[in-house]
Each structure stands twice: as C-alpha cells, then as structure tokens.
2 protein chains.
Amino acid sequence: MRTIRKAAPLAGIATVERDTGLSKDTLRVWERRYGFPNPSRDSNGGRVYTSEQFEKLRVLRRLIDSGIRPGEIVAEPLHVLAARVQALPLRIPRAEGEAAVASAALRLLKSHQVGELRALLSRSLMQLGLQRFVLEVAAPLNERVGNAWIDGDLQIFEEHLYAEQMQHLLRQAIASLAQDAQSPRVLLTTLPGEKHRLGLLMAEACLSVEGAQCISLGVETPAWDIVQAAKAHRVDIVGLSFSQAMPLKAAHEGLFDLRKRLDRQCLLWAGGNVWQRTRKDIPGVTTIASLAAIADALQAWRKQHVVDDH
Amino acid sequence: MRTIRKAAPLAGIATVERDTGLSKDTLRVWERRYGFPNPSRDSNGGRVYTSEQFEKLRVLRRLIDSGIRPGEIVAEPLHVLAARVQALPLRIPRAEGEAAVASAALRLLKSHQVGELRALLSRSLMQLGLQRFVLEVAAPLNERVGNAWIDGDLQIFEEHLYAEQMQHLLRQAIASLAQDAQSPRVLLTTLPGEKHRLGLLMAEACLSVEGAQCISLGVETPAWDIVQAAKAHRVDIVGLSFSQAMPLKAAHEGLFDLRKRLDRQCLLWAGGNVWQRTRKDIPGVTTIASLAAIADALQAWRKQHVVDDH
DNA sequence: ACCTGATATTTGTCCTAGACAAATGGAATA
DNA sequence: TATTCCATTTGTCTAGGACAAATATCAGGT
C-alpha cells in the first residue's frame, strides 16, 4: 500500500502501468537491461517517474505495438521516436467524406465545443444511418483520437469527453432498433484487462443493425462468468472485443481458455483491431478483423442456421 | 513467457489473477503467510492452481469485499466459508412502494428475462419521470443489486447486465432533456479508483432534470486532468461521485488536493453514499449526501448567481 | 456510554536479481 | 523461393525481504 500518486507530473509504477499498459515487470526489466526508464526514487526506494519518461514510454508503446522491437528504440531520444511515429504507415481513409467529418470532430474536440461536437456527430449519424456511421465515422475517428492522445495532441480529459459523447450517441441509436427473432442471440463483453467500451459498443451497433439480439455485459467480465452467462441466456454466439491496447498473448490465452469451458454449440467470435496483425487461428474461434466483417459473419450464420432451426 | 496452462481444470497465476481479481503479489504473499492457496508446480517451478483452489479464492474474495479480513478466513475450509457467505448481514429496505418495482426488477434479473426487465424499467421511467425514477427506483435497486451480489444471490455477470441496462435507460433519458442557459455548467467525473459509473450517471440525470449543462468525462479522471478540463470548459461546478466502495481517506485526500489546484471561483461538489457516514467537512468542498439533495443544491446556486450573472 | 488518541497487528504493494521459454531474426540448406 | 536450425531478444515468473496504509485494540477522558 505504497502511495500511488503524488503531484501532477510525477507518478509511481502502478500509475505508469495503468496509463501506459506496460506491466510493472516490464518497466523494471527495461530499467535493468536498457537503462530506461531511469526513475528517481522516493524516500523508501519506490520508483518515481517524471512526465518526460512517461511521455516517452507512451510513444515507445505505440511503436512497439506497430511491430518494432524494444531493444532497437528504447535508447533513442524522444524527438527521434516522435519522428518514427510520424513515419508510421497510415491507414488509408476509405471514402472522402469520412475524413472530413472526423477532422471536423477532432477540431471541435480540441477547441472544447462540446455542443457543436455532439450536433455534428448526431447529424452525421442521421445522414448516414447507424451502420455507415460506425464504419465511416466512428471507427476512423476513434483511431484518430487514440493517435492524437499518443502524440500528445489531446489531453486525457479530452479523450474521456469524446468517449462519453460517442457512447451516448451509439447507445441512443442502438436502443431505437428492433430485434429480429430469426437472428442469433449474441452475448457481448470483453475479458478482464480490456477496458475499451467503444469497440464493444460499435460491435453491438453493427450486430443490432442486422437484427441480432444483443445482450451486453459491458466491459471486463471474467471468463468463468461469461460461461455462466452464456448458459443462463442460452446464447448462440459469444462475442468478445479486443482493442489494440490488449496484448496479443493475453487475448490468445483468454480465448483458448474460454473456448474450452464454453458449450460446444455456442460459437465464439473475437473481433477488434488486434486481429489485423496476426494470422494465427485459434481452433473453434472465429476472428473478425473489422467491423465491416460483422455483417458478413452474421449473414453466414443465418444461411447455416435458417434450416436447422426448429 | 511461461507455459500458462496444461490440463483442463488447472490454471496459471496469470489466469487466476485475471479471473479472481487478486493480484499475483497477493496470491504469492497469501501462500507465503497463510499456506493457502498451495498450488502445485509445473516443470519449471511455475504455480499451477486447481479448480478447487480457484473456487475457494472466489468465495474468499466475496467475503473480503464484504469487510472480513483475510487472516480470519483463509484457513477455513470451503463449506464453512460458503456458510459465512449465507450469514452475511442484509440491509433494510427503505420505503414500501419503491420496493415493489425494485423487487420485480431483481426477480427478472435473476431469471434472465432481459427484455422484460428493460420493459419494466422503461415503463417505470415513463410513469414516474426521470427525477422520481432515479430517486425511487434506480438508487434503491442499485443498492439491492450490490447487496445481492455480496450475498451470492447474483452472479457477477448478472450485475454487469443490470448496470448495462440501467445505463442505456438513463443515457437515453438524459439525452432527451433540454439545457437551460441560466443554469451552471457542471463538469462530472470520478477520481481514479472509483469505477462506479451508475452513481455518476444518476447524478447527471438529477442535474440534467434541473437544466444544468453537464459535461461528463466518465469515470476515473486523474486530478490533474480534471483541473485542465475545468479550465478549458470554464465550468461553474466540478461534481465528483463517490460510491461506498471508495475508502473515505482516499476520498478526503483527493478532494483536498483537487480543491487546492482548482480555480477559486469554481465550486467543488462531492456526492455519493460515502458522505452519509461522516460529517467531517473539507473546506471549500460541498458534500451532497443524497441524490435528492442535488436539486436543492442547484436551487441554492441559482438563487446566489442569478443576480451576479452579466 | 461514547468519543479520542496512541499502539499493535494485519495486509497489500514494491523491491532485488536470477531464471527460463516463447517470439523473433538471420543464416544455412533444400 | 520456401524450410529448418540456431542465436538473440523479450516478457513473465520466482523468492524473500521491507515497509506504509488500513484496521483493530486498548487507554484515558468527557
């Protein structure tokens, strides 16, 4: 029960773990091996990180997630790392209009015009419809907000605010949709450690648009409880969402574990950005690499199950 | 990168941490001090827990969350612990009429009738209006769901499901309310460590009903970011929500710290169940002991500020 | 009886430094 | 070009020791 945080620019190891996603073990072993981060110590020998170190760790994390190995870059000074982040391949914007709305939204977010932001998104939702809104506005905007935070263009509170607004909007839209009895019952949640609500909510939106009966448990449900819930609600499919922040290893492990304990007949779908970076399959688990693929997967399910029903 | 699991009912320390919420350090130190859990080891000395140990850890966690100290119970055999869970004290229900809807909702939740639950709550909201719904249905139901979880009457996934449904409903209701330019701008969030979203959302509902302009950052915003956000949005009031789960000391400390760094003119309101159990004041902080008191506080603010404006 | 303050015990987090397997990169081979 | 093998990199795990925050216990005063 060490003091977790003190003044604004200094943070203990627990805080750094929480806010960078790097485990305490990793932070310590980097310090031992590479000499970075090199935190000062409090009166009791506890590590105290400066905001500069924190910033560099964030950038490092971003680069490592993109496939670069830690040993090659930990020693580099921050400005070199920042340059490498800039040089990272950008996802190609799909349509033309999508980039425009996202840029406008980002600008409004930065200038703290909440009402205008909400109005813009709401209008865009009305124009495009939920499905296209999620695919063409929400998902790209999500990514850009994430990047902007890592680059230091956005404060944490601005990201919080964005997430909150988008949640409001999506929930409202989902609530107004009808459910189709012919469609599968889907249990939606994430595994412990994955706190990204918006990914889950976007998935729920895509499923609901297709008429699926979604039962969302929110975020971070332990595997054991997922099994219980699937049984209790007799769902056809368990859908899990994984953001980029989730370490691939943990995702694999959790899915493997869950598949073993789940009922045979219950399908297990794993969606989220992680799956774009791997092609390793887990037997009995359907990976869904993009939000757009959700509709296809659902269509496929329908084709297979329309006969067997009853 | 140790091999985490082998045969069916066995789990490594990482899995147990994930699914019980007990940290690796805690598991190891319990083993050292109390001799439980006493996992066997794999070929490399890694801990391998049985499903019995896992189950007992779950029950232990429930009891500890209810206030019992680990040292008193870790040594007890599982069936004794189960008995203690049953013997846990129950809370007294408040009024009579309000209990009816809450009881019905709880029953539906337990029998997994999601559609019916949603319909019941929705109907109740329409009948009572948002303000009364929050005070007379949502808040008591919240409490009962919390208690039921501690008593083992509800699974975690059932609590998750409840929270999700209630969030949907409240957000929808809030979104449909108009804002009053005469009313204060309120920044809403919780401090790190306080993860209870529903309390925050209920507060937002009560404030919105009165026409306040709420800017919610969601949950767990670091103090430094709250200060930045308050400045950026030029809010009149910062509102923080604290559930019973929050240790009183941490709440005091966080508020004291925040008050120091916040702008003089910006008011600081602290709400939530914690404040019913203390009367110690923090200078410059208004504690609001119940949801019903929010309306009064807002009225008082209006009376004081209607003249000063412009 | 109830509050208040000092003292003792409990409890979780953090520390060091060593070990090892999974993932990765590159070279040699088919 | 594709596959196999070896060396390096990397993150997770281990063992006790240390310590401060949280909690319980007990004293004395109102």
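Throughout, a chain's letter reflects where its sequence line sits, starting with A, and its residues are numbered from 1. Both backbone and side-chain heavy atoms feed into the values below; hydrogens, waters and symmetry mates do not. No experiment lies behind these values; they were computed from the predicted model shown.
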Among [options], which nucleotide sits nearest the side chain of [X]?
{"X": "B/R41", "options": "D/dG11, D/dT14, C/dG12", "value": "D/dT14"}
{"X": "A/R69", "options": "C/dA23, C/dC14, D/dG11", "value": "C/dA23"}
{"X": "B/R33", "options": "C/dT11, D/dC13, C/dC15", "value": "C/dT11"}

Check the phosphate of [N] against [X], side-chain N and O only, distance under 4.0 Å to OP1 or OP2. Yes or no?
{"X": "A/K24", "N": "C/dC14", "answer": "yes"}
{"X": "A/R47", "N": "C/dC14", "answer": "no"}
{"X": "A/Y34", "N": "D/dT10", "answer": "yes"}
{"X": "A/S23", "N": "D/dG11", "answer": "no"}

Check salt bridge (charged side-chain N to carboxylate O under 4.0 Å, His left out) between [X] and all other residues, then give those that pass, not counting sequence neighbours.
{"X": "A/R259", "result": "none"}
{"X": "B/E158", "result": "none"}
{"X": "B/K24", "result": "B/E17"}

| query | Ignoring hydrogens and geometry, is there a side-chain-to-backbone donor-acceptor pair from B/T189 to B/G218 under 3.5 Å? | reply | yes
| field | Estimated bend of the helix from C/dT4-D/dA27 to C/dA30-D/dT1 (axis per five terminal pairs, rounded to 10 degrees) | value |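 Inter-axis angle at the termini of the helix from C/dT4-D/dA27 to C/dA30-D/dT1: 30°.
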| message | A side-chain contact here means heavy atoms from C-beta on lying under 4.5 Å apart; do A/E220 and A/E194 qualify? | response | no
Could you check how far [atom1] of [X] sits from [atom2] of [N], rounded to whole Å?
{"X": "A/I64", "N": "C/dT24", "atom1": "CD1", "atom2": "C1'", "value": "14 Å"}
{"X": "B/E72", "N": "C/dT10", "atom1": "CD", "atom2": "C1'", "value": "10 Å"}
{"X": "B/N44", "N": "D/dA15", "atom1": "CG", "atom2": "P", "value": "11 Å"}
{"X": "A/L60", "N": "D/dT9", "atom1": "CG", "atom2": "P", "value": "17 Å"}
{"X": "A/L27", "N": "C/dT16", "atom1": "CG", "atom2": "P", "value": "13 Å"}
{"X": "A/R28", "N": "C/dA19", "atom1": "CZ", "atom2": "C1'", "value": "16 Å"}
{"X": "B/I73", "N": "C/dT11", "atom1": "CD1", "atom2": "C1'", "value": "13 Å"}
{"X": "B/I68", "N": "D/dT23", "atom1": "CD1", "atom2": "P", "value": "14 Å"}

Show me the donor-acceptor pairs within less than 3.5 Å that the side chains of residues 29-39 of chain B make with the rest of the protein, sequence neighbours left out.
residue	atom	partner	partner atom	Å
B/E31	OE1	B/R47	NH1	2.5
B/E31	OE2	B/R41	NH2	3.1
B/E31	OE2	B/R47	NH1	3.2

| remark: When A/D25 and B/W30 are each assigned the nearest nucleotide of DNA chain C, the 5'-most assignment goes to B/W30
| If you pin B/P70 and A/V29 to their nearest nucleotides in DNA chain C, which one's is more 5'? |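 The 5'-side residue here is B/P70.
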Listing, residues 70-79 of chain A side-chain donor-acceptor contacts under 3.5 Å, not counting sequence neighbours, or none:
none

| said: Distance criterion of 3.5 Å, no angle test: do you see the side chain of B/R32 paired donor-to-acceptor with the base of D/dA15? | reply: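 When only heavy-atom distances are counted, B/R32 does not reach the base of D/dA15 through any donor-acceptor pair under 3.5 Å.
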| field | side-chain contact (heavy atoms from CB on, under 4.5 Å) assessment of B/T15 paired with B/F54 | value | CA-CA 10 Å; B/T15 307; B/F54 185 85; 5.6 Å; no
